[in-house]
Student: 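My questions all concern the structure below.
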There are 2 protein chains.
Amino acid sequence: MSIGFMSTETIGEKLRHIREEKELPLRKVAALLDIDVAILSKMERGERRITKEVVLKLANIYDYNADDLLVSFLSDKILYEIQDEDLGIEALKVAEEKAKYIKANRKK
Amino acid sequence: MSIGFMSTETIGEKLRHIREEKELPLRKVAALLDIDVAILSKMERGERRITKEVVLKLANIYDYNADDLLVSFLSDKILYEIQDEDLGIEALKVAEEKAKYIKANRKK
DNA sequence: AATCCTATTGACATAATGTGTCAAAATTAG
DNA sequence: CTAATTTTGACACATTATGTCAATAGGATT
């Protein structure tokens with residue numbers, strides 16, 4: 001078992017926490033990303049979609065594990081698709097089986 | 001283990017197979033759904049998005065297990081989000097953990 | 001081939017959604 | 001209070017989704 005808590009925070013919340021940890025203002029990070037401060041603010045609060053590119057750039061800016069952020073980013077997108085669905089967990093299991101099957105047979 | 005094959009068919013392919021099994025023409029099913037034949041054709045071939053509502057209506061029309069179709073529908077949407085992603089399966093596992101956590105704590 | 005039924009394709013207009021930009025308002029820090 | 005930071009909302013624009021329709025293609029039958 002991991003020593004950390006189960007993370008239920010969204011990718012946006014996670015990015016905000018990391019940024020606050022580094023004590024970087026939105027203003028500076030937005031400038032580094034070359035996007036408007038308003039957009040970054042909304043991304044952190046889940047009001048605007050975050051792109052994979054932004055996630056990777058932020059991993060660099062924050063010197064944070066990119067894979068960790070990407071998994072958080074992707075799982076967010078996945079959860080969005082099954083929100084409020086009773087069959088969500090069942091669908092996730094099926095999706096995982098399919099994904100494994102596809103991965104195993106993708107190699108030529 | 002199940003006696004069936006691992007199903008890698010999409011919800012569209014599945015719906016088409018069911019329809020062919022019932023020997024119903026697109027024309028008739030589209031009429032029952034009150035949508036254009038062209039759209040249903042495209043839905044079965046993955047060229048147009050299928051909605052949850054259509055899936056449920058088709059479960060009725062075909063007298064087919066609705067949950068089974070819904071799981072297929074949802075897992076398709078999930079897989080679409082992680083297509084080509086190396087971290088896809090990892091993200092699915094994290095999403096499942098989160099979904100379970102949310103479900104367990106959702107009850108008031 | 002000609003006819004009929006079915007299915008596919010593409011073009012089009014329109015609707016819905018996403019995106020960047022900006023400025024004003026609100027919040028927080030010094 | 002003042003200044004910096006963040007949030008909010010409005011707007012124009014781009015991108016994407018959707019429904020409608022007609023032309024095309026495919027298959028079977030005669």
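Numbers restart at 1 for each chain; the letters A, B, ... are given by sequence-line order, proteins then strands.
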Student: Not counting sequence neighbours, which residues clear side chain to side chain contact (heavy atoms under 4.5 Å, CB included) with Ala59(B)? List them please.
Tutor: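 Only Ala66(B), Leu69(B) meet the side chain to side chain contact (heavy atoms under 4.5 Å, CB included) criterion with Ala59(B).
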Student: Rounded to the Å, how far apart are Arg49(A) CZ and dT16(D) P?
Tutor: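 Spelled out: CZ on Arg49(A) to P on dT16(D) is 12 Å.
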Student: Just to be sure I understand the geometry, which residues of residues 70-82 of chain A put a non-hydrogen atom under 4.0 Å away from DNA chain C?
Tutor: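 Within residues 70-82 of chain A, no residue comes under 4.0 Å of DNA chain C.
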Student: Check the distance between dT20(D)'s P and Leu40(B)'s CG and give it to me in whole angstrom.
Tutor: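 Rounding to the nearest Å, CG of Leu40(B) and P of dT20(D) are 14 Å apart.
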Student: Once you round to the nearest 0.5 Å, how far does NZ of Lys100(A) lie from CG of Asn105(A)?
Tutor: 14.0 Å
Student: Between Lys57(B) and Glu53(B), is the closest basic N to carboxylate O distance under 4.0 Å?
Tutor: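 Judged by the 4.0 Å cut-off on N to carboxylate O distance, Glu53(B) and Lys57(B) do not form a salt bridge.
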Student: Determine, using the 4.5 Å side-chain heavy-atom cutoff (strictly less than), whether Ile11(A) and Ile61(A) are members of one ILVMFWY cluster.
Tutor: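 Yes, because Ile11(A) and Ile61(A) connect within a single hydrophobic cluster, where side-chain heavy atoms sit under 4.5 Å apart.
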Student: Ignoring hydrogens and geometry, is there a side-chain-to-backbone donor-acceptor pair from Ser75(A) to Val71(A) under 3.5 Å?
Tutor: yes
Student: How many angstroms lie between CG in Leu26(B) and CD1 in Ile39(B), if you round to the nearest 0.5 Å?
Tutor: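 Spacing of CG (Leu26(B)) from CD1 (Ile39(B)) equals 12.0 Å.
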Student: Would Tyr80(A) end up clustered with Tyr101(B) when hydrophobic side chains under 4.5 Å apart are linked, directly or stepwise?
Tutor: no
Student: Holding to side chain to side chain contact (heavy atoms under 4.5 Å, CB included), I want the full list of residues that pass it with Asp34(B), two or more places apart in sequence or in another chain.
Tutor: none
Student: For Leu15(A) and Tyr62(A), work out which heavy atoms get closest and say how close.
Tutor: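 Scanning both residues, the minimum pair turns out to be O-CE1, 4.0 Å.
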Student: For Val54(B), what residues pass the side chain to side chain contact (heavy atoms under 4.5 Å, CB included) criterion, not counting sequence neighbours?
Tutor: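 Checked Val54(B) against side chain to side chain contact (heavy atoms under 4.5 Å, CB included); matches are Leu33(B), Met43(B), Ile50(B), Thr51(B), Leu58(B).
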Student: Over the length of the helix from dA1(C)-dT30(D) to dG30(C)-dC1(D), how much do the five-pair end axes diverge, rounded to 10 degrees?
Tutor: 30°
Student: Got a sec, which pairs hit salt bridge (Lys or Arg N to Asp or Glu O under 4.0 Å) with one end in residues 67-80 of chain A, sequence neighbours left out?
Tutor: Lys14(A)-Asp68(A), Asp76(A)-Lys98(B), Lys77(A)-Glu81(B)
Student: Between the protein and nucleotides 28-30 of chain D, are there any N/O to N/O pairs under 3.5 Å, and if so, what are the atom names and distances?
Tutor:
none

Student: By side chain to side chain donor-acceptor pair (under 3.5 Å), which residues pair with Arg19(A), not counting sequence neighbours?
Tutor: Glu44(A)
Student: Which residues satisfy the side chain to side chain donor-acceptor pair (under 3.5 Å) test with Glu47(A), sequence neighbours excluded?
Tutor: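 Only Arg45(A) meet the side chain to side chain donor-acceptor pair (under 3.5 Å) criterion with Glu47(A).
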Student: Walking along DNA chain C from 5' to 3', note the first and the last nucleotide with an atom under 4.0 Å from a heavy atom of chain B, and give both.
Tutor: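 Reading along DNA chain C, I get dT6(C) to dG10(C).
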Student: Donor-acceptor pairs under 3.5 angstrom involving side-chain atoms of residues 82-95 of chain A: please list them, not counting sequence neighbours.
Tutor:
| residue | atom | partner | partner atom | Å |
| --- | --- | --- | --- | --- |
| Glu85(A) | OE1 | Lys52(B) | NZ | 3.3 |
| Glu85(A) | OE2 | Lys52(B) | NZ | 3.2 |

Student: Could I get a table of every N or O pair under 3.5 Å where one atom is in the protein and the other is in nucleotides 3-12 of chain D?
Tutor:
| residue | atom | partner | partner atom | Å |
| --- | --- | --- | --- | --- |
| dT5(D) | OP1 | Arg27(A) | NH2 | 2.9 |
| dT5(D) | OP2 | Arg27(A) | NE | 2.5 |
| dT5(D) | OP2 | Arg27(A) | NH2 | 3.2 |
| dT6(D) | OP1 | Arg19(A) | NH1 | 3.1 |
| dT6(D) | OP2 | Leu26(A) | N | 2.5 |
| dT7(D) | OP1 | Arg16(A) | NH1 | 2.5 |
| dT7(D) | OP1 | Arg16(A) | NH2 | 3.4 |
| dT7(D) | OP2 | Arg16(A) | NH2 | 2.7 |
| dT7(D) | OP2 | Ser41(A) | OG | 2.5 |
| dT8(D) | OP2 | Arg45(A) | NH1 | 2.5 |
| dG9(D) | N7 | Lys42(A) | NZ | 3.4 |
| dG9(D) | O6 | Lys42(A) | NZ | 3.1 |

Student: What distance do Ser41(B) atom OG and Arg27(B) atom CZ have between them, rounded to the nearest 0.5 Å?
Tutor: 14.5 Å
